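Here is the structure we will look at.
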Amino acid sequence: MVPPYAEPAPVGGFFETHDPDGATGGVSVLEAWTGGRAWAAFGNARSAFAALVATLPGTTVWLPAFVCRDMVAPSFRERVRFYPVAEGFHPDLVGVEAGMAAGDLVLVVAYFGQPVASGVQNLIRRRPDLHIVEDRAQALAPGPAVDGSWVLYSPRKLLGVADGGLLVAPVGQTTLPRPDTSSDSDALWRAQQLRHDDPLGRNNAVWHVANQGKEAAMAVTSEVMTERSLSVLSRTSLSSLVGPRLANWRLLDRALHRWSALPADPTGPPLGYVLRLEPDARDAVLKGLHAERIFAAVHWPEIAAPAGDFPRETQWTRELITLPCDHRYDEAGMARIARRVEGLLA
């Protein structure tokens, strides 16, 4: 008789193939994200962003200092300027707005799933001469986008699809860049399917390596999002993802609030439960969690902006941990995470 598998199943990490609910619980993810606007489905968000930038030759591209370095493509690297991000992870545009010329492109980020600050929303309304892009790669439902903004989504960071970068146009605009190259769907979906078929995580190393390879191969291309990913987004209700994520975040907050980097009562479903720790403690907690197959993440290990010019944002790369709290898990899973974090910080 084969003994039961002794190790607990892995928690966190990349998403296995998502089983849609048919969007019977309400509006689908795709409908909610596009909201009746024109949209294009690229292979990933960085490709969608680079395609938009390419339609604005010579334009200055303003990026927050706290952003993944992969967002900066070689095609526009020389045009990039950075602006600071305030405590609480809000884009701080006050000191740089005067330097933004008509026609400039400004990227703002809905950090960890929270809405962008009201000051950014006011900027979008006040400066219709700017091209403003709201990066919602970490955001399931941060509230309605301002009419005049572009919006970016990266679904594989939020549910079990293999690829995708949705570029949603401002209200009333129908012309936007579109991808024109097919992708290798089987190769892209391999890691997700391997994990889906291994719920106990017995072959953790196999699907982890497969996903690492896929992510390393991600690049700025003109590839189209796979039909399979689009199908999952169109057949999954947004509410089926939002409710569990908020409930799980609140469960973790009861135990870990003293180390939280986010507001006590988030207004949108967070990407995860974000801890802010001293660097040595952060590294010890990460090591301890990973040893028990609790795959907490770091957003981000490296950022695009020069470290010497933006010390606060650089420090966050050494302080933050994002704990999983998504729809895959229940109260028992959150209790496991909370107990282990508390034990490592005791």
Side-chain angles (χ1 to χ4, degrees), residues 5 7-21 29-30 33 41-48 68-71 136-140 152-166 179 181-236 240-241 244-245 271-272 286 289-302 321-329 333 337:
Y5 194 62
E7 227 178 338
V11 175
F14 76 96
F15 289 87
E16 61 272 23
T17 301
H18 186 75
D19 294 320
D21 62 353
V29 173
L30 185 60
W33 286 357
F42 289 77
N44 55 49
R46 75 190 77 155
S47 296
C68 179
R69 64 176 184 171
D70 290 337
M71 284 299 288
R136 294 186 169 194
Q138 301 181 341
L140 262 175
L152 275 176
Y153 289 99
S154 184
R156 77 181 191 281
K157 299 180 177 69
L158 298 165
L159 72 157
V161 297
D163 67 329
L166 288 176
T181 307
S182 62
S183 56
D184 186 342
S185 183
D186 290 342
L188 286 168
W189 276 89
R190 181 172 178 268
Q192 266 73 25
Q193 195 62 49
L194 285 170
R195 185 167 188 181
H196 180 273
D197 295 342
D198 181 30
L200 295 180
R202 298 184 182 188
N203 298 309
N204 181 173
V206 173
W207 42 257
H208 174 65
V209 169
N211 187 64
Q212 281 193 313
K214 184 189 83 170
E215 290 295 321
M218 282 278 178
V220 173
T221 71
S222 60
E223 289 184 357
V224 179
M225 184 178 181
T226 61
E227 286 295 330
R228 188 174 177 184
S229 292
L230 274 173
S231 176
V232 171
L233 295 182
S234 66
R235 294 184 299 118
T236 299
S240 69
L241 308 177
R245 193 179 287 265
L271 174 69
L286 270 179
L289 292 176
H290 290 174
E292 296 191 20
R293 304 206 302 173
I294 298 173
F295 299 133
V298 173
H299 295 94
W300 292 273
E302 295 182 74
I321 298 177
T322 306
L323 302 174
C325 69
D326 57 78
H327 57 277
R328 294 175 288 181
Y329 308 114
I337 293 171

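This structure is a prediction, so every number in the text was calculated from the model and none was measured.
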Out of curiosity, [X] [atom1] to [Y] [atom2], how far, rounded to the nearest 0.5 Å?
{"X": "W33", "Y": "L152", "atom1": "CH2", "atom2": "CG", "result": "11.5 Å"}
{"X": "L159", "Y": "R328", "atom1": "CG", "atom2": "CZ", "result": "10.0 Å"}
{"X": "L241", "Y": "D21", "atom1": "CG", "atom2": "CG", "result": "8.0 Å"}
{"X": "L323", "Y": "D326", "atom1": "CG", "atom2": "CG", "result": "11.5 Å"}
{"X": "D198", "Y": "Q193", "atom1": "CG", "atom2": "CD", "result": "11.5 Å"}
{"X": "L289", "Y": "I337", "atom1": "CG", "atom2": "CD1", "result": "8.0 Å"}

[X] [atom1]: over 12 foreign heavy atoms closer than 6.0 Å:
{"X": "R228", "atom1": "CZ", "result": "yes"}
{"X": "H196", "atom1": "NE2", "result": "yes"}
{"X": "E227", "atom1": "CD", "result": "no"}

(request) For the pair F295 and W207, name the ring-plane relationship: parallel under 30°, tilted 30 to 60°, perpendicular over 60°. (result) perpendicular
(request) For the residue pair H18 and H327, categorise the inter-ring angle as parallel (less than 30°), tilted (30 to 60°) or perpendicular (more than 60°). (result) perpendicular
Which atom pair, heavy atoms only, marks the closest approach of [X] to [Y]?
{"X": "M218", "Y": "L188", "value": "CE-CD2, 4.3 Å"}
{"X": "T236", "Y": "V232", "value": "OG1-O, 2.7 Å"}
{"X": "R293", "Y": "N204", "value": "CD-OD1, 3.4 Å"}

4.5 Å side-chain heavy-atom contact, [X] and [Y]:
{"X": "S229", "Y": "W189", "result": "yes"}
{"X": "I321", "Y": "L286", "result": "yes"}
{"X": "R46", "Y": "M71", "result": "yes"}
{"X": "T221", "Y": "T181", "result": "no"}
{"X": "R156", "Y": "F15", "result": "no"}

Just by modelled atom types, is the [Y] backbone N or O under 3.5 Å from a matching donor or acceptor in the [X] side chain?
{"X": "S183", "Y": "V224", "answer": "yes"}
{"X": "R195", "Y": "T17", "answer": "no"}
{"X": "Y153", "Y": "L30", "answer": "no"}
{"X": "N44", "Y": "A219", "answer": "yes"}
{"X": "R245", "Y": "L158", "answer": "yes"}

(request) For M225 and L233, run side-chain contact (heavy atoms from CB on, under 4.5 Å): C-alpha distance rounded to whole Å, both residues' side-chain angles, the deciding distance at 0.1 Å, then the answer. (result) CA-CA 11 Å; M225 184 178 181; L233 295 182; 3.4 Å; yes
(request) May I have the step-by-step check of side-chain contact (heavy atoms from CB on, under 4.5 Å) for D163 and F42, ending in yes or no? (result) CA-CA 9 Å; D163 67 329; F42 289 77; over 6 Å; no
